[in-house]
Amino acid sequence: MKIEIVETAPIEGQMPGTSGLRKKTRVFMEPKYLENFIQATFDAIGGGEGKTFVVGGDGRYFNTDAIQVIIKMAAGNGAAAVIVGQNGILSTPAASHLIRLNKADGGFILSASHNPGGIDEDFGVKYNAANGGPAPEGLTAKVFEATTSISHYKTIAADNVDLSRIGTTSHGGMSVQVVDPVSDYQNLMESLFDFGAIRALFADGFTMRFDAMHAVTGPYGSTILEDILGAPAGTVTNGIPLEDFGKGHPDPNPIWAKELMDLMMSDDAPDIGAASDGDGDRNMIVGRGVYVTPSDSLAILAANAHLAPAYADGLSGIARSMPTSAASDRVAAKLGIDAYETPTGWKFFGNLLDAGKVTICGEESAGTGSSHVREKDGLWAVLLWLNILAVRKQSVSEIVEDHWKTYGRDYYSRYDFEAVATDKANDMMQNLRGKFSQLAGQTFAGLTVTTADEFSYLDPVDGSVSDNQGLRIAFEGGGRAVFRLSGTGTQGATVRLYLEQYSGLNGDTNQDTQAALQSVRSAAFEISDMKAIIGRIEPDVIT
Ligand code: VG1
Ligand code: CO
């Protein structure tokens with residue numbers, strides 16, 4: 001088939017953020033917008049010639065259109081093969097697994113994750129490398145560079161591929177393999193966990209509600225939890241992926257998964273509740289009457305992972321993003337293994353996982369995962385919880401309370417201030433930065449600052465340095481406040497304020513979270529001058 005070389009010109013602003021390039025869907029639909037970014041990616045990786053790529057997305061509006069464009073451009077760039085999920089569906093962890101399983105050269109994941117979907121909402125493209133993980137910063141910088149000098153893109157004139165039919169066809173000399181999105185992922189999960197024990201748990205009357213939030217995990221949850229593990233029909237709710245996620249935010253937190261939270265706090269609560277995000281890489285865990293913070297979930301999973309077959313020999317190390325609470329560090333210390341602190345975003349865990357330095361990683365934003373893929377993995381976390389529950393034969397709340405008794409409790413909450421004017425958000429950060437050299441030793445809201453610094457990460461594997469990764473203030477008595485600007489939004493700036501207070505080893509673990517954080521919060525507001533600079537201290541979302 002004839003390769004078409006189409007002239008184009010650079011389009012501004014195609015800089016990937018925390019997790020891929022995210023823009024309004026209509027922006028992605030503008031002529032050549034997607035094409036430019038895809039060609040820049042091919043250019044940044046040294047071309048597509050003879051390579052194999054995995055392609056799929058979370059099912060949001062424009063997903064299949066974008067996939068058809070990418071398939072044709074892969075052919076135009078000389079790729080040997082494309083592996084694509086049936087109907088364009090692949091969760092982010094499943095795509096990561098397919099890249100690794102098929103030894104593909106990389107993959108395109110079409111998703112803006114937790115951002116709402118639809119023609120007037122958000123769309124996104126993430127590129128993952130041959131290890132299955134998000135493109136590291138060095139590569140995203142190259143992609144961006146290529147978008148600023150692009151002059152043409154390559155494609156083929158061909159009919160669209162029928163994405164509904166599983167099987168292999170040839171397009172312009174390139175093979176296109178349409179695969180079941182769930183089966184390989186399901187096999188991977190079966191290889192990690194004791195499905196027999198989990199099946200027995202459900203057979204014993206254990207109950208669960210898994211809210212797929214009309215996003216990509218519906219088919220994965222239905223197959224694995226209901227069909228394979230025997231959870232009763234109806235365990236998975238909102239299980240059909242919709243282009244607009246039913247107009248919700250597919251963000252697994254107590255705000256956006258309110259229906260699930262209400263159920264879990266009621267008398268009719270099942271034994272465990274879980275929810276997943278748009279592209280299936282994040283998870284929320286709720287026990288009957290108890291919300292498990294993602295930072296605690298990471299720590300509890302790490303402390304109990306040896307109860308699942310895949311981790312029976314123990315963990316090599318644990319990594320967490322900087323704003324995530326210190327709870328998992330306490331587990332690492334007790335296990336005598338290394339703890340790593342990385343910037344926000346899964347791309348920073350890839351090197352540690354590849355080098356075998358860590359087995360389990362996590363973020364406060366409800367992402368947890370392990371060395372089984374190179375992405376965070378929502379359903380994996382849920383299955384590990386189920387495996388632990390099946391072995392320990394205790395409730396979620398008993399396990400959480402036992403954990404706090406052993407390690408102390410890290411009270412934790414994140415405040416999001418959305419759609420802040422970008423210049424004001426930058427002013428606030430700049431003002432705060434300017435105070436840092438003077439803060440140590442000063443007291444605010446009764447708390448004395450021990451250290452104040454801007455987080456910079458030195459990757460212990462490749463020696464790369466990532467600066468400006470968040471402003472952190474630590475207080476005497478185990479409190480901490482962190483400020484950073486989100487890198488996934490598409491409108492204005494989102495200020496994230498992360499608050500944490502350690503109870504101490506034998507301290508009170510039964511306080512209300514917001515009450516326990518009161519001093520740290522007041523100190524953070526005071527030090528940052530938030531009210532004066534951005535005009536508010538009332539967050540849009542508290543998680
Ligand atoms: C947010 C989260 C971060 C996560 C990222 C991508 O980034 O805070 O922990 O890795 O989303 O997750 P930011 O820059 O907005 O704080 V996902 O599930 O959107 O791919
Ligand atoms: Co996600």
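Not measured: the values here are computed from a predicted model. Both ligands and their constituent atoms are indexed starting at 1 by order of listing.
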Enquirer: Looking only at N/O atoms, are Gly487 and ligand 1 under 3.5 Å apart anywhere?
Expert: yes
Enquirer: Does the side chain of Ser321 come under 3.5 Å of the side chain of Thr344 through a donor N or O and an acceptor N or O?
Expert: no
Enquirer: So Phe123 and Arg22, do their side chains get closer than 4.5 Å, heavy atoms only?
Expert: no
Enquirer: Tell me which part of Asp277 gets within contact of ligand 1: side chain, backbone, both or neither, using heavy atoms under 4.0 Å.
Expert: side chain
Enquirer: Students should be able to answer this: which protein heavy-atom is nearest to atom 17 (V) of ligand 1, and at what distance?
Expert: Ser113 OG, 2.8 Å
Enquirer: Considering just N/O/S atoms, say which atom of Asp281 is closest to the Co ion (ligand 2).
Expert: OD1
Enquirer: Evaluate whether atom NZ of Lys24 has more than 12 neighbouring non-hydrogen atoms of other residues, nucleotides or ligands under 6.0 angstrom away.
Expert: yes
Enquirer: Looking at Asp279, which of its N, O or S atoms is the nearest one to the Co ion (ligand 2)?
Expert: OD1
Enquirer: Should you measure from each heavy atom of Ser19, which atoms of ligand 1 turn up under 4.0 Å away?
Expert: 6 (C), 20 (O)
Enquirer: Give the residue, atom name and distance (to 0.1 Å) of the protein heavy atom nearest atom 9 (O) of ligand 1.
Expert: Ser365 OG, 2.6 Å
Enquirer: Which residue holds the protein heavy atom closest to atom 4 (C) of ligand 1, what is that atom called, and what is the gap in Å?
Expert: Glu363 OE1, 3.6 Å
Enquirer: Heavy-atom distances under 4.0 Å decide this one: backbone, side chain, both or neither, for Arg22 against ligand 1?
Expert: side chain
Enquirer: For Phe42, enumerate each residue passing the ring-ring contact (aromatic ring centres under 6.0 Å, His included) test, keeping only those at least two apart in sequence or located in another chain.
Expert: Phe53, Phe108
Enquirer: Do the side chains of Glu35 and Val69 get nearer than 4.5 Å, heavy atoms only?
Expert: yes
Enquirer: If hydrogens are left out, which of Lys126, Lys376, Glu364, His114 has an atom nearest to atom 12 (O) of ligand 1, that is, the closest non-hydrogen atom?
Expert: Lys376
Enquirer: Going by side-chain contact (heavy atoms from CB on, under 4.5 Å), Val55 matches just one of Leu98, Ile70, Ile109. Which one?
Expert: Ile70
Enquirer: So, Ser111 and the Co ion (ligand 2): N/O/S under 2.8 Å, yes or no?
Expert: no
Enquirer: Give the name of the N/O/S atom in Asp277 that lies closest to the Co ion (ligand 2).
Expert: OD2
Enquirer: Any nitrogen or oxygen of Arg282, side chain or backbone, less than 3.5 Å from one on ligand 1?
Expert: yes
Enquirer: Contact between Pro93 and Tyr220 at the side-chain level, heavy atoms closer than 4.5 Å - yes or no?
Expert: no
Enquirer: For atom 7 (O) of ligand 1, which protein heavy atom lies nearest, and how many Å away is it?
Expert: Thr488 CG2, 3.5 Å
Enquirer: Can you tell me how the ring of Trp380 sits relative to the ring of His372, calling it parallel under 30°, perpendicular over 60° and tilted otherwise?
Expert: parallel
Enquirer: Nearest protein heavy atom to atom 8 (O) of ligand 1, by residue and atom, and its distance?
Expert: Arg414 NH1, 3.6 Å
Enquirer: What I want to check is whether the side chains of Thr368 and Asn283 have a donor and an acceptor closer together than 3.5 Å.
Expert: yes
